[in-house]
Amino acid sequence: MADHGVGSAGTLTIADDGTTVSFYVSCSDPATNTGGYSWFGTVNGSPVGGTVSLGAGFGTRLLGSWTVTESQTVTLGQDATGTSGLGGSASFSEWISRASASVPDPPRVTGSSAGLDQITATGMRFRYRLTGDGGSTITDHQYRVSTRADFVGASWVNGTPSGDIIRNDLDPGTTYYWQARAKNAIGWSAPSDVVSATTIGGGRLRVAGVWKNTSRWMKVSGTWKRTTRWVKVAGVWKRAR
């Protein structure tokens, strides 16, 4: 808050609560009054002002309030009042500081209550947690999933309020890569770290010198179904466990 004395008993005040800037005029002389008190100023780079009636003993009058989101200089002044209590024309300025906002921090995808779990042959759960908001409220968050570590062709899709994503439309024996990001009024965060896990397959097969997952699952009419494995024991085929 900043005060500027005017006349014999008057004060102009610029008040700031961290979000809102307010202009006031006060007078401690109970006899001071004016039917046409004219004031002016500048807030958010724009001129403000008006004319109000101040009765005798008015005390303190709020002239106006404005939301201020960026650092700036604001100005408050008055025209000559024709009274001794408030005096002649005057003005003063005050620097209003606001912290600069930035994009949010990337969501956290490892550690407590984050990462990949509940892995089955066709599904898993991805959990991400929002972190720093960059000084501006987070308004959106998204995730993407791909079978490629570089996410080529993978689209960002909307997340959930909890940050828990359950997908049951995956392929067996396949590695999936996941990321998340968040948005505030400034823009999108950088993508989070990448986490990955492999859905359950049926075994391992060496192909061209490299071990790869095989699958006990077969896609039938668009639905993944578990296949049955059999082994011949003493000439008799039995179901493998």
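We number each residue from 1, following the sequence as shown.
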| message | For the backbone of Val68 and the side chain of Arg98, can you confirm whether one donor and one acceptor N or O come within less than 3.5 Å of each other? | response | yes

| Trace of the side chain to side chain contact (heavy atoms under 4.5 Å, CB included) decision for Leu62 with Ser22 | CA-CA 7 Å; Leu62 172 65; Ser22 301; 3.9 Å; yes

| Any side-chain heavy atom of Tyr37 sitting closer than 4.5 Å to one from Cys27? | no

| query | Is it true that Lys183 and Asp133 make a salt bridge, defined as a side-chain N closer than 4.0 Å to a carboxylate O? | reply | no

| task | Just say parallel, tilted or perpendicular for the rings of Tyr143 and Phe126, cut-offs at 30° and 60°. | result | tilted

| task | Determine yes or no for a side-chain-to-main-chain donor-acceptor pair under 3.5 angstrom, with Arg127 supplying the side chain and Thr110 the backbone. | result | no

| Common cluster, Phe151/Ile165, ILVMFWY with side-chain heavy-atom separation under 4.5 Å | no

| query | Are side-chain heavy atoms of Val109 and Gln179 found at a separation under 4.5 Å? | reply | no

| message | For the CD atom on Gln118, are there more than 12 heavy atoms of other groups (residues, nucleotides or ligands in this structure) within a distance under 6.0 Å? | response | yes

| task | Please answer whether the main-chain N or O of Gly173 pairs with a side-chain N or O of Thr199 as donor and acceptor at a distance below 3.5 Å. | result | yes

| message | Can you tell me how far apart CD1 (Ile166) and CG (Asp117) are? Round to the nearest 0.5 Å. | response | 8.5 Å

| request: Check whether the side chains of Thr174 and Asp171 place a donor and an acceptor atom closer than 3.5 Å, and report yes or no. | output: no

| Donor-acceptor pair, Gln72 side chain versus Asn44 backbone, under 3.5 Å? | yes

| said: Could you check whether any side-chain N or O of Gln78 sits under 3.5 Å from a backbone N or O of Leu86, counting only pairs where one atom can act as donor and the other as acceptor? | reply: yes

| request: Would you confirm whether Arg125, through its side chain, and Gly115, through its main-chain N or O, come within 3.5 Å as a donor-acceptor pair? | output: no

| Are Thr198 and Thr175 linked by a side-chain donor-acceptor pair shorter than 3.5 Å? | yes

| So if you build clusters from Ile, Leu, Val, Met, Phe, Trp, Tyr with side-chain heavy-atom gaps below 4.5 Å, do Trp178 and Val194 land together? | no

| task | Just do the side chain to side chain contact (heavy atoms under 4.5 Å, CB included) check on Leu63 and Val52 with the steps written out, would you? | result | CA-CA 8 Å; Leu63 300 174; Val52 297; 4.3 Å; yes

| Residues, nucleotides or ligands: over 12 heavy atoms within 6.0 Å of Asp193 CG | no

| message | Under 4.5 Å between side-chain heavy atoms, counting indirect links through other Ile/Leu/Val/Met/Phe/Trp/Tyr residues: same cluster for Tyr176 and Ile119 or not? | response | yes

| request: For the residue pair Met1 and Thr13, establish whether any side-chain heavy-atom pair is separated by less than 4.5 Å. | output: yes

| query | Quick one: does Thr81's side chain have a donor or acceptor within less than 3.5 Å of a partner on Gly87's backbone? | reply | yes

| field | Under 3.5 Å side-chain donor-acceptor pair for Ser26 and Thr60 | value | yes

